[in-house]
Asker: 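Got a structure here, written out as structure tokens. Questions coming.
For ligands, and for the atoms within them, numbers begin at 1 and follow the listed sequence.
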Amino acid sequence: MTKAIVAAVQVQTVSDEEFEASLAELRQLAKTLGFEVTATFTQKRAGFEKAAYFGTGKREELTALVAEQGADLVLIDHEISPSQAFNLAKEVGAEVMDRTMVILEIFHRHAASRFARAQVEIARLGYMAPRMREAAKQAGPKDRARSGTGGRSGGESHGELDRRKIRDRMAELQKELEAMGAERRTQRARRQERPGLARVALVGYTNAGKSTLMRALTGSEVLVANKLFATLDTTVRALHPEAVPRILVSDTVGFIKNLPHGLVASFKSTLDEALEASLLAHVVDASDPGFERQLAVTEEVLDEIGAKDVPRLLVFNKIDRGGDEKALRKKYKGCVVLSAKRPEDVARLRETIVKFFRKDLVEAELFLPWSEQKMRGEIFDNCEVLEERSDAEGSLLRVRGEPEEVKRLSARFGKPAAQPAAKAKARKRS
Ligand SMILES: Nc1nc2c(ncn2[C@@H]2O[C@H](COP(=O)(O)OP(=O)(O)O)[C@@H](O)[C@H]2O)c(=O)[nH]1
Ligand SMILES: [Mg+2]
């Protein structure tokens with residue numbers, strides 16, 4: 001596992017609370033990338049200095065700490081300049097990643113759609129360009145000496161060539177994004193028309209407990225083999241124990257309190273996957289004093305990306321750590337208040353989710369002749385079979401399932417037309 005030290009300068013204008021919250025968020029982001037954070041290293045300074053992020057004595061301390069911890073990485077809780085990063089890495093003897101780079105890496109992993117990938121790549125290239133310039137500068141005359149070969153136009157260095165390539169690639173991606181705009185709108189409309197593919201997305205701030213709830217709801221390691229979701233396979237899993245219809249849970253990219261301005265567009269494009277869901281479970285850390293503002297920002301952004309009409313379920317998490325359960329229930333009607341650490345609470349959330357997807361189900365009777373018994377599997381996979389009777393001709397199945405699915409099956413094995421589950425004498429499933 002990659003070992004990382006989280007490090008930051010606290011300037012006078014930043015309060016202790018703000019500073020701590022930002023560090024905690026960066027530690028969480030590091031965890032999301034699979035790093036093990038072994039230490040946190042801080043310095044109070046009057047302001048930022050251009051040449052070096054930390055003071056001289058502090059840099060020596062950090063160098064010693066890197067050696068002591070055997071750290072591979074130092075994560076800086078600011079966006080630092082290319083030369084600051086370069087110098088610091090050289091001095092402490094570990095790779096340096098700043099906050100922006102950490103976030104870009106997370107977005108990169110979450111970018112599932114073509115649009116999101118292009119958007120994130122533009123941001124990455126924009127971030128890389130000045131850093132490559134710095135690397136070229138540090139490489140010095142050698143860079144220029146190599147430039148005579150390879151049929152490049154006179155006097156153009158490797159660095160210059162790479163930068164021109166970056167610019168061209170960025171322009172190309174920008175054009176692609178524009179072209180995708182229209183296509184995306186129609187896709188979105190189509191998605192919203194597509195009825196009830198049972199999918200719930202967990203949305204909310206980093207550190208709210210989305211991944212913890214995801215694991216608790218799905219039973220950790222069961223990956224969804226369905227090809228449709230192959231690109232998202234680490235973040236999409238089936239609800240466990242399985243429900244009918246089968247419900248998929250996805251863990252979306254987290255909101256970030258301290259999001260660099262230049263990354264807003266990438267963030268929104270990456271959050272796009274939330275639009276695939278028929279239910280958004282908005283997870284809020286009820287023990288965070290700033291939760292109300294976070295809640296408002298999340299709702300706002302969800303509206304902006306076109307998720308306005310996707311039903312929401314507000315989930316207040318970490319109630320074991322703080323928060324006023326009664327007040328929350330009163331103010332946010334229909335919310336779920338829980339602790340992801342309590343299995344009985346998670347079971348309650350699961351029930352709420354299952355109920356949401358059940359409410360639109362319809363029932364029908366299907367007749368499956370003996371000659372068609374090979375279709376049994378398909379029926380049992382896609383519907384809940386409430387009752388089954390057999391006679392000389394075949395079997396009569398009373399099923400409950402998604403309207404589309406039931407309609408499709410009824411067209412083929414038609415018996416009476418589908419009717420709403422609520423009106424049917426539904427037999428309760430254990
Ligand atoms: N006390 C407490 N801690 C929680 C709860 N849910 C999550 N956590 C912790 O909060 C941190 C962030 O959780 P995580 O699921 O990674 O958040 P994410 O960024 O939204 O995916 C982890 O250290 C979790 O163990 C909870 O209900 N109670
Ligand atoms: Mg997470």
Side-chain angles (χ1 to χ4, degrees), residues 1 4 6 20-38 40 75 77 99 102-112 200-221 223 232-237 239-240 249-259 263 267 270-271 273-274 277 280-291 293-295 297-299 301-302 312-325 328-329 335-350 352-353:
M1 205 186 214
V6 161
E20 260 317 309
S22 183
L23 286 172
E25 187 176 71
L26 184 60
R27 281 193 290 264
Q28 184 63 31
L29 294 171
K31 233 170 76 183
T32 305
L33 286 178
F35 302 151
E36 181 196 357
V37 178
T38 56
T40 301
L75 305 176
D77 197 19
R99 180 174 245 277
V102 169
I103 295 170
L104 277 170
E105 192 53 41
I106 291 175
F107 289 177
H108 179 67
R109 292 193 188 179
H110 267 279
V200 53
L202 301 167
V203 296
Y205 270 79
T206 295
N207 207 36
K210 294 181 300 302
S211 302
T212 308
L213 276 171
M214 166 98 175
R215 279 191 298 273
L217 283 168
T218 59
S220 55
E221 302 313 324
L223 288 178
L232 297 170
D233 61 4
T234 51
T235 52
V236 180
R237 289 179 182 151
L239 197 68
H240 184 85
V249 186
S250 59
D251 190 2
T252 65
V253 62
F255 281 66
I256 293 168
K257 287 178 195 166
N258 208 345
L259 182 65
L263 301 190
F267 170 69
T270 308
L271 188 63
E273 62 181 288
L280 296 177
H282 176 175
V283 184
V284 180
D285 177 353
S287 72
D288 187 319
F291 84 84
R293 187 172 148 64
Q294 288 158 24
L295 194 157
V297 171
T298 306
E299 292 293 332
V301 172
L302 287 172
R312 309 279 159 83
L313 174 65
L314 253 183
V315 178
F316 289 102
N317 187 31
K318 302 201 190 183
I319 200 67
D320 57 303
R321 289 186 64 202
D324 182 342
E325 177 162 357
L328 287 172
R329 285 192 197 288
C335 72
V336 175
V337 184
L338 54 60
S339 165
K341 308 255 164 173
R342 297 197 289 243
E344 65 275 20
D345 286 15
V346 176
R348 214 167 16 93
L349 175 62
R350 183 186 177 281
T352 309
I353 292 171

Asker: I need the nearest protein heavy-atom contact for atom 11 (C) of ligand 1: residue, atom name and distance, please.
Answerer: N207 OD1, 3.3 Å
Asker: Should we say atom CZ of R348 is surrounded by more than 12 heavy atoms from elsewhere, each under 6.0 Å from it?
Answerer: yes
Asker: Taking 4.0 angstrom as the limit and counting only heavy atoms of S339, give me the atoms of ligand 1 inside it, by number and element.
Answerer: 26 (C), 27 (O), 28 (N)
Asker: Can you confirm, on distance only, whether ligand 1 has an N/O atom lying under 3.5 Å from any N/O atom belonging to G209?
Answerer: yes
Asker: Show the nearest heavy-atom pair for residues D285 and S287, with the distance to one decimal.
Answerer: OD1-OG, 2.6 Å
Asker: Please report which non-hydrogen protein atom sits nearest to atom 1 (N) of ligand 1, along with the residue it belongs to and the distance in Å to one decimal place.
Answerer: D320 OD2, 2.8 Å
Asker: Hey, looking at atom 25 (O) of ligand 1, which of K341, R321, R27, R342 has the closest heavy atom?
Answerer: K341
Asker: For ligand 1, which atoms sit closer than 4.0 Å to a heavy atom of Y205?
Answerer: 20 (O)
Asker: For T206, is at least one N or O under 3.5 Å away from an N or O on ligand 1?
Answerer: no
Asker: Under 4.0 Å from ligand 1, counting heavy atoms only, is it the side chain of T212, its backbone, both or neither?
Answerer: both
Asker: Minimum heavy-atom separation for G254 to F267, with atom names?
Answerer: O-CE1, 3.3 Å
Asker: Pick from L202, V203, V315: which one makes a side-chain contact (heavy atoms from CB on, under 4.5 Å) with H282?
Answerer: V203
Asker: Counting non-hydrogen protein atoms only, what is the nearest one to atom 16 (O) of ligand 1? Give residue, atom name and distance.
Answerer: Q28 NE2, 2.7 Å
Asker: Between D251 and ligand 1, is there a nitrogen or oxygen pair with a distance under 3.5 Å?
Answerer: no
Asker: Just wondering, is there an N, O or S atom on S211 that's nearer than 2.8 Å to the Mg ion (ligand 2)?
Answerer: yes
Asker: Of the options V301, T206, N207, which is the one that meets F255 in a side-chain contact (heavy atoms from CB on, under 4.5 Å)?
Answerer: V301
Asker: May I ask you to identify the nearest protein heavy atom to atom 6 (N) of ligand 1, giving residue, atom name and distance to one decimal place in Å?
Answerer: N317 ND2, 3.1 Å
Asker: So if I count the atoms of ligand 1 from 1 in the order they appear, which ones are less than 4.0 Å from some heavy atom of A340?
Answerer: 6 (N), 26 (C), 27 (O)
Asker: Is it true that G254 lies under 4.0 Å from ligand 1, counting heavy atoms only?
Answerer: no
Asker: Is it true that the side chains of S339 and D345 contain a donor and an acceptor less than 3.5 Å apart?
Answerer: no
Asker: Could you pull out the closest heavy-atom pair between F291 and A286, with the gap in Å?
Answerer: CD2-O, 4.0 Å
Asker: Take L213 and L338 through the side-chain contact (heavy atoms from CB on, under 4.5 Å) test and state the conclusion after the steps.
Answerer: CA-CA 10 Å; L213 276 171; L338 54 60; 4.2 Å; yes
Asker: Could you tell me whether ligand 1 has any atom less than 4.0 Å away from a heavy atom of K31?
Answerer: yes
Asker: Residue-level breakdown please: for K318 versus ligand 1, do any non-hydrogen atoms fall below 4.0 Å on the side chain, on the backbone, on both, or on neither?
Answerer: both
Asker: Within the distance-only criterion (no hydrogens, no angle test), does the side chain of E25 pair as donor or acceptor with the backbone N or O of K257 below 3.5 angstrom?
Answerer: yes
Asker: Of all the heavy-atom pairs spanning R312 and L302, show the shortest one and how long it is.
Answerer: NH2-CB, 3.7 Å
Asker: Any donor and acceptor pair, going by atom type alone, linking the side chain of R27 with main-chain N or O of T40 inside 3.5 Å?
Answerer: no
Asker: Judging by distance only, is a nitrogen or oxygen of A208 under 3.5 angstrom from one on ligand 1?
Answerer: yes
